[in-house]
Amino acid sequence: MGRLASMVMIMLLGLSHLWAKEALKVGYFDKKPVTFQQENGLAAGIFIDIINEIAEKKGYEIEYHFGEFSEIFNRLQSDKIDLMVPLGYTEEREKQVVFSKEPVITSWGTVFTTHDSPIDAVPDVAFKTIAFVKNSLFYKEFYAITQKFEITCNWQEVDGYTEMFQGILAGLYDGGIGDRLNLVGQGFDIREKIDSRIIFYPFDLYAAASTVKGEKILEDLNEYLKMGKSTKASGYAKILNKWISGNVGTDEKIIKSYIIILLVLTLYILLLVLIRIPRARRQMGLHKFISSRQSINILTYSFMIAVTVWVTDALLEYFWFDNRYCTFLEILIAKNNQHVLFIRLMYFSVIFFGSIFISRLLENNIKEQKKYEDSAENLRTTLNSIGDAVITTDIAGRVVQMNPVAEKLTGWEFLDAHGKYLDEIFFILNAITMQKVESPVKRVLETGKIIGLANHTLLVSRDGQKYQIADSAAPIIDKYKATIGVVLVFRDVTDEYALQEKLRINEDRLNKTFIAANDGMWDWDLVTDEVYFDPRYYTMAGYDVDEFPHNFEEFQKRVHPNDINRVMANAQGHLQGKLERFHVEFRFLKKDGSWLWILGRGVIVERDEHGRPLRFIGTHSDVSVRKRIEEKLLQNASFNEALLNAIPTPVFFKDREGRYQGCNPAFTEIMGVKNDDLCGKTVFDLWPSEHADEYHRKDLELMENPKHQVYEYKIKDKEGNIRPVIYAKNVFRDHQGNVAGIVGAFLDISEQEKIREELRRKKEELEKFFTTSLDLLCIADLNGYFIQVNKEWEKILGYGVEELQERKFLDFVHPDDVEATLGAMKDLGQNKEVLSLTNRYRTKSGGYRYIEWRSTPQDNLIYAAARDVTERIQAEKLIREKNKELENYLYVASHDLRSPLVNIQGFTSRLNKHLLELEKNLFEKGDEDKIYQHLESLIKEQMPKSMDFIFTNVKKMDVLINGLLQISRTGRSVLSISRIDMNELMKSIIDAVSYQIEEYKIDLKVEDLPECYGDRNLLNQLFTNLITNSIKYRSRERKALIEIKGMAYTHVVKYYICDNGIGIEEKNLEKIWDVFFRVGELSEESGEGIGLSIVKRIIDKHNGNIEVKSEPGKGTKMIVTLPKENFIKE
Amino acid sequence: MNKLKILIAEDDDGHALLIEETLQEAGIFNEIFRFRDGKELWDFFTEKKSELAFDSDNHYLVLLDINMPQMSGLEVLQKMKETEILKKIPVMMLTTTDDPREIEKCYHLGCSVYITKPIDFNEFIKTVNRLGLFIQVVKV
């Protein structure tokens, strides 16, 4: 729709050109934001705004031509257009076209970065990832710059500037190359976050003309730019501000747009309200209204939405046609402008809420319609299926509806009756007076109230038949409480009437008979063969009262065929006087088809003068419950027998005297004794042995103390094998509750016994394996408790097996390993195997051992095999340390040895250069004095200086290499261990440095020192190094003090060498053991940095330890730990 | 605008001399100050040495050796990058070590360029020449 409006607009503009004077043709190409073509085909951009402003002031007619750069430039050259914007200046181009004097805009190459980027200058881009757009002129320029500096960057090609900026913001690129205007073309949120740190390659953009007309406007342009650039309030500044800073801000057009949208919105809502009001006023027939208006409504609303969208769109387009976002489509796709976002939101709200409103409206209409139809249908069905007759009339009393029952009773077809007055078809009389009665409808219409059932009313149908009826009538009231008709309901009560009469006759009979409340009564008139059955008689068997007729045949029909002869015989017996009473049990057919057990009793109550029976009355009692119990009892007995025969377990029973009363086939199967052979015999008769005594004893025990008795014993089977069995016995009692005998069963458990034996053997084997394994084996639960551990644990950890079992293994794990162990347990808990876990376990002596685990979970238990890998781990640690040391040496070789080499190389080359100069000067003629002076400086100053450097550095290398050799020797030397008298050794060491001690006036205190074991030569070197260090690094500010102390412990001896020297800074405490490390300034006395390296190596060789404590400016304390006992180094 | 000053911290006299002379031969006639170790340079920055006062208006370029007694080049670099007025001064590491971990550490701390001192003198001259180019860039 927006497109349509804009096209109309363009056509109108196009028409206006027809009668305008010949326009100035301006060519432009796509260079956003300088010049570009909008979606609606109109020119826009900085240049366009400027040209438009000039044209407005000076009265030019402008005609814009858009095309590719080269195409437009060609047109300019061939005078097909008057002016081209923009065009970069070159000397070559100036020969062909005229450039504006002032550049319209200056741009330059930029390295785009984020605000927090470390890139500040060209060298900063080294090793950074920099994005560029293919064929970009600026990339080529910047690449040349980096080449000049020998900088390497990671160049990344991207497809466009938007991608570049997003990449920079996402952190994919450290920077990007482009023209500063590239950023201007981006949305506000990107512009805000991007910085341009490095700028390069500035260039100007001009306008160019080729025709006289073009040149004229160029002059205006020059003037405009000159003026514009001088003041900030100019149109030029405003245009730049609009396009470059993007402050479109409070443009009045936007405000206008808001007003328009609001206006349209209000109008729209007003329309909706207007349409709703008349609808609401309608009181009746809502559904009809809607169904008739429905299609119109849809059309109306759709049309209104369409018009709203179109009008808003068109208005926006009209007011915004020269802005960047001008059509609905553009608003939808345009990004990053808050206003546009807002407008877009409003648009969507209108359409969205409008659609919701309409859909809800339609939904309601359809719902109501459906509801109405449903209820009408329901009503019809109800009326047709109802047992009562129903007639409805309108307010005038004319028939509107009647159902089939009403048709039947009145004898009127609905089609005939429809529209007739009710009196005509509903003719009623008083049953007693036989006077015509007024129909209740009339009264209902008069009073508006419900009229209840009237008694004794006779309805005379169309064909003259009379029905006893009960009727009622009620008004039909609409929702506005107005009576709009009457509904009349009536029912044929003729049968009920007759029934009531009959009941009255029978009543006296009932009263005469004494019968149980629940018994059914019958009264047989032997003369008429009519039988009266009382209501209870019927209901007892589930029939409705009087459901079957009152005669003997009906009774006979319902007696079970198997019982009928018995019943009849019994009845005959009584009738013939052979039986005093009629008394028989039989089955009687219930209504549901099942049989009811009945006790029929009866007696002849009347006889004629000849003694012939006339009347026979009696009762029916329901005895089904008793019958059921009897049946059940019978069933149980046979069930028990079947059960006994069916179960595979041997069962027997005995009387109180221990005589067998019976057994089941399973018993016979095993024992080989048949039931008949068994009965009456005792255990002593059947299996005389020690078994019998035990059987008897147990039986007596059970009878004395009757309870469920279970025990294991043996039997001798029919083949004479002894089998282990489990007996289960109990007593049975007579009806008085006395013990009548014993019932027992037994289970052959010889198979189970075999399996149990096997299991025990397996367990023993496993146990043996468990205890003899060299690995650490254990079973633990998932809560972390040991359940079983083997002996090996005792050896490794020192705890007894009992001490470990039932304890939490986490209690033994080293605190640092607890987390890893818990992690492994979690895996085990999730049924995962743990194949490599190493943790430290505390031994009884307080040390730790490294244990490597392989664990498998099974049924909430952990099965684990472990190994003590302490030795291996220690060896690995040692190797790692050695490797580190080695690495350190290599590092030293690369740095410290390299340093003198650089000098030797450098000064040798200089020497070479001096020699060349010497040679050149010697054979050159010229100012003798000057040459002589130069030669003198070379020979006496420069060359000796270089030589000096070379010698010094060669010496330095020698010292370094010697140091390395010395360390290497210390490491390789074979120890010769002996007991060391430290007092004696210390004395000789101090003697050797006594000269220095005296010279520096050092206060030396040596206490009595304990003995130790070690290599005398190496220990001499160790303590010499430490003491000379204390001398070397003494403080010049105070009197030097050195204290040497010693202390013997259980296994080790500790020596303390303390001084009050310059101390060691904390950051250097680790480094002092490194080779060639020196603390402090270089001085005559400072060593080569190998003394402490050697000390460390000696200590390591003695399995000792050295610890350093130091405070800068206060002093250093060296603590040397050495073995107290002899040791053999492997 | 003040002329760029070059500050060299180098404990080896020979190296220092070679660098200075080669720079001059490469046409860099900027004032060069030599410090015998990192601490001396740091004292200069913190104005503990009065005769050579550090002036934050001046432009400086720092050449740092790594292994120096008292205060290593890495320490100086780290401290400079932590100090607001020294942060922007370009720092070039010039050292005999070519251990990649060391190089990474320097770049991580924020040095502008890391140059390994080559044993070959011609290489050394080339390196110092390139250094000169950078110094010219910094001057711009």
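Order of the sequence lines fixes the chain letters, A, B, ..., with proteins taken first and strands second; residue numbering starts at 1 for each chain.
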Would you say the ring centroid of A/F127 lies under 6.0 angstrom from that of B/Y107? yes
Where on B/E75 is there a heavy atom nearer than 4.5 Å to chain A: the side chain, the backbone, both, or neither? side chain
Identify which part of B/I66 has an atom lying under 4.5 Å from any heavy atom of chain A, answering side chain, backbone, both or neither. neither
Looking at B/K87 and B/E84, is there a salt bridge between them, counting it only when a charged N and a carboxylate O are closer than 4.0 Å? yes
Can you tell which part of A/D948 gets under 4.5 Å to a heavy atom of chain B, answering side chain, backbone, both or neither? neither
Only one of A/M943, A/H934, A/K913 clears side chain to side chain contact (heavy atoms under 4.5 Å, CB included) with A/L918; which? A/M943
Less than 4.0 Å between a side-chain N and a carboxylate O, is that true for A/K956 and B/D12? yes
